[in-house]
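Below is one structure, written out as structure tokens, with a few remarks after it.
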Amino acid sequence: MKKTFSLLALPVTALLLFSAASCGGDKPKTDANGNNWSKDNILVYHWRAEPDNLHPTNGKSDPRRVIMDFTQRFLLSTDLANKALRPDLVKALPTVSEDGLSYTYELRDDAKWDDGSPLAMEDILFTFKAYICPLTNDPQAKSYFEFLKSITVDPSNPMKFTTVMKERYIQNTAFSTDMVVMQRKMFDKENILANYSIEQLTDPNFAKTKHADLEKWANEFNDPKYGRDMALLSGLGAYKVTAWEEKQRIELTRKTNHWTTKIANPTIYDRSYPDKIILKIITDDNAISLELKKQVIDASTWISTAKLVELQEDAEFNKNYKSDFVDNYAYQYLGMNMKPQSANRPALFTDKKVRRAMALLTPVEDIIKTHMLGKATRMVTNVSPLKISYNKDLQPIAYNTEEAKKLLDEAGWKDSDGDNIRDKVIDGKKTQMEFELLIMSGNPTTEKIAKDISAAYYRAGVKVNYRSLEFGAFYEKVQVHEFDMYMGAWSGSFFPDDPKQIWHYSNWANKGSNYVGFGTPESDRMIDSIRVTINDSTRIGIEKRLQALIYDEQPYVFLYVPPRKIAVHKRFENADFYYDKPGLILNNLKLIEQNSGTSSKPAM
């Protein structure tokens, strides 16, 4: 299961609000039960940012992944209700060989593309090849396909295939859960990828040679139009994108006569009750609260902690909405640039004493108490406290200005000129301990936290200038390492963690997710071992040692696990809350007929 760059505290700029009429009609009159609930089968879902794109392979933001759940389908997906894998476009979870290297699947025979043609094996083969092709612009996904050796098709059953893996790997089954299955004839009209095998595309030497036809295909496939042009946003999901107003709203409309409507016993993941799902982007906390009070928003998983606490004290809100604070696998952190020379940044955090000093200077407990109202969980390492692999022996680093000052002194950072800012001579040049903290714009809580961090650091002679950027600009900066420190967040899941994406040194140079440049030979060996150690007790021991190493090297200042704040209007039933993102199954929210108190006919 891939990590996605989370928007927990990283929204885009504030926007003008829509009126209630723009999302489902005028405000309804009060009914016989005293409820002024809309009868429109349109679900307005609040989000703080739009996706980086909707390209099937080339993107990694949370909003993108949420939308994919409605517009696309996958071989396997997450069973939020049971915290397990579930078959999606296959009939069952794979049959696994005794050596743990072969995984046999059979495609379901009812899935059909929008043009009426059935899902076929050529689509599956194309999809795998598109993801692993070295010319595809999806570095965030590449490491999950490293263990794929080949795919064989059953000669007696064209719907049955086996993925053959190079090694035993903890995610040999789960690695395909985020893999959007694509229609070959749409994305590869000339069938170019059919000329290349899985073995060729995964061979490191293959990427060093020229292949004109493959380059032509990749240039077309990587074109941003496949992530933005609504006419090209095709998929097997029950919904299609019918409107996209930049930084304001994305409208998803249920397809007519979709293949899922013919399923005799649809699962909660196959259902598509709302006629439309509108993702409405609002970043201002006061505006979000007002829209909920006006009942313009039907569901949100992005209310601020303070606002949900305030709303839950409002009797009218509680009458209209079900809401709660829910645990999740995400966490917030400060990332420090350990390899600044690559972007001509000052060498501020190359010494682990300095990085530990930053952790000592960060008033995490006060931040949790003041800005999260005590509802967040302290994060100590890179593994969620909800997981059995969490290293409980590692203690939170307490705020301690004096201890931080000692470490900075030992690292050579002292105030030599009496200006209250520490300095050090680096490569013959006097350098001040002054740096830029990148945050994502739009969330006042994030800015308040940045101000508190700046004030706390200044007491030790460290000057912090925080800078707010919109998601696209922010992500571009951190991906090419043009930062000193940034405030980020990672989302996760119940699956065993594959730490390679974020923590292996190879994913620093290739523009993967190791933005800070962490990595030692020892940590890389641990990561490589974790990935192929199937035995839980053995693997968990290695995971805990890796956590201890990361804790010691301090590439991040680990902050906290924010609760997922969820609210759903009571005019919808099936409003169950889940640990895994996005915390709701929006397509399963079913409109209730108000007058009779019974559900409306299935919106299939």
Side-chain angles (χ1 to χ4, degrees), residues 1-5 60 132 134 136-148 166-167 169-171 175 202-205 207-208 331 333-356 358-359 381-383 389 391 394 438 475-486 488-490 492 496-533 539 541-558:
M1 188 77 171
K2 292 185 280 295
K3 295 279 188 179
T4 55
F5 201 72
K60 64 169 69 174
I132 66 177
T136 302
N137 186 22
D138 62 341
Q140 77 288 345
K142 287 286 193 285
S143 63
Y144 294 92
F145 292 85
E146 287 179 359
F147 293 93
L148 180 63
K166 297 174 184 175
E167 296 183 55
Y169 170 45
I170 58 173
Q171 293 195 8
F175 81 98
T202 55
D203 184 348
N205 293 319
K208 300 175 183 178
Y331 67 87
Y333 66 94
L334 300 174
M336 292 170 280
N337 196 337
M338 299 173 64
K339 302 289 182 184
Q341 64 276 13
S342 68
N344 294 317
R345 310 293 296 189
L348 303 176
F349 304 117
T350 54
D351 188 329
K352 73 177 182 180
K353 289 183 178 180
V354 176
R355 299 193 296 271
R356 177 53 61 97
M358 298 303 105
T381 182
N382 57 300
V383 173
S389 56
N391 190 336
L394 302 177
L438 294 183
Y475 175 67
E476 183 179 345
K477 286 284 188 184
V478 298
Q479 189 176 41
V480 298
H481 319 300
E482 289 184 3
F483 67 90
D484 301 315
M485 179 186 283
Y486 71 94
W490 288 117
D497 284 323
D498 177 354
K500 184 167 185 177
Q501 179 191 355
I502 298 173
W503 298 107
H504 201 281
Y505 188 68
S506 63
N507 278 326
W508 175 77
N510 68 1
K511 293 186 179 181
S513 300
N514 184 358
Y515 305 127
V516 298
F518 169 80
T520 68
E522 183 183 5
S523 66
D524 284 353
R525 282 193 298 270
M526 288 183 185
I527 291 168
D528 293 339
S529 294
I530 289 168
R531 304 181 81 213
V532 298
T533 303
R539 186 185 68 256
I542 305 171
E543 287 187 70
K544 288 183 176 181
R545 292 197 298 275
L546 176 64
Q547 291 173 59
L549 190 153
I550 291 172
Y551 180 90
D552 180 63
E553 289 290 332
Q554 202 74 61
Y556 286 1
V557 176
F558 292 98

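- For the pair Thr202/Phe145, no side-chain contact is recorded, criterion being any heavy-atom separation below 4.5 Å from C-beta on.
- Residue Leu546 holds its CG atom at 7.5 Å from OG1 of Thr381, rounded to the nearest 0.5 Å.
- Val354 and Phe349 make their closest contact through CG1-CD2, 3.9 Å (heavy atoms, listed as atom of the first residue, atom of the second, distance).
- Listed here is the closest heavy atom pair of Met338 and Pro555: SD-CB, 3.5 Å.
- In plain terms, the two heavy atoms of Gln171 and Pro496 that are nearest each other are NE2-O, 2.8 Å.
- With sequence neighbours excluded, the residues forming a ring pair (Phe, Tyr, Trp, His ring centres under 6.0 Å) with His481 are Trp508, listed by chain and number.
- Ser513 and Gln501 share a donor-acceptor pair across their side chains, judged by distance under 3.5 Å alone.
- The two atoms that bring Asn510 and Pro139 nearest to each other are O-CB, 3.7 Å, heavy atoms only.
- Each side-chain hydrogen bond (donor to acceptor under 3.5 Å, both in side chains) pair with one or both residues in residues 336-349, not counting sequence neighbours, appears once here: Arg345-Asp484.
- For the residue pair Val516 and Met336, the shortest heavy atom distance occurs at CB-O, 3.1 Å.
- Summarising the geometry, atom CZ belonging to Arg545 is positioned 8.5 Å from atom CD1 belonging to Ile530; distances are rounded to the nearest 0.5 Å.
- Here the CD atom belonging to Gln140 is positioned 8.5 Å from the CD atom belonging to Gln479, to the nearest 0.5 angstrom.
- Here Glu553 contributes atom CD and Ser523 contributes atom OG; the two are 8.0 Å apart, rounded to the nearest 0.5 Å.
- For the pair Ile170/Thr533, no side-chain contact is recorded, criterion being any heavy-atom separation below 4.5 Å from C-beta on.
- In this structure the side chain of Met485 reaches within 4.5 angstrom of the side chain of Met358, judged on heavy atoms.
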| said: Apply side chain to side chain contact (heavy atoms under 4.5 Å, CB included) to residues Trp503 and Ile527 and explain how you reach the verdict. | reply: CA-CA 8 Å; Trp503 298 107; Ile527 291 168; 3.7 Å; yes
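- The aromatic rings of Trp490 and Tyr333 sit parallel, their planes meeting at an angle under 30°, below the 60° perpendicular limit.
- For Tyr505 and Phe518, the ring centers are positioned 6.0 Å apart or more.
- Taking CD of Glu543 as the start and CG of Asn382 as the end, the distance is 9.0 Å to the nearest 0.5 Å.
- By the ring pair (Phe, Tyr, Trp, His ring centres under 6.0 Å) test, Phe558 pairs with Tyr331, Tyr556, sequence neighbours left out.
- Atom OG of Ser506 sits about 8.0 Å away from atom CG of Asn514, to the nearest 0.5 Å.
- Taking every heavy atom of both residues into account, Lys477 and Leu438 meet most closely at CB-CD1, 3.9 Å.
- With Asp497 contributing its side chain and Pro499 its backbone, the two residues share no donor-acceptor pair below 3.5 Å.
- Among residues two or more places apart in sequence or in another chain, the salt bridge (Lys or Arg N to Asp or Glu O under 4.0 Å) test is passed with Arg531 by Glu146, Asp498.
- For the salt bridge (Lys or Arg N to Asp or Glu O under 4.0 Å) test, residues two or more places apart in sequence or in another chain that qualify with Lys142 are Asp138.
- By the ring pair (Phe, Tyr, Trp, His ring centres under 6.0 Å) test, Tyr551 pairs with no residue at all, sequence neighbours left out.
- With hydrogens and angles disregarded, a donor-acceptor distance shorter than 3.5 Å links the side chain of Gln547 to the backbone of Ser389.
- Side-chain contact between Lys352 and Asp552 is present, with heavy atoms from C-beta onward closer than 4.5 Å.
- For the pair Arg356/Lys353, no side-chain contact is recorded, criterion being any heavy-atom separation below 4.5 Å from C-beta on.
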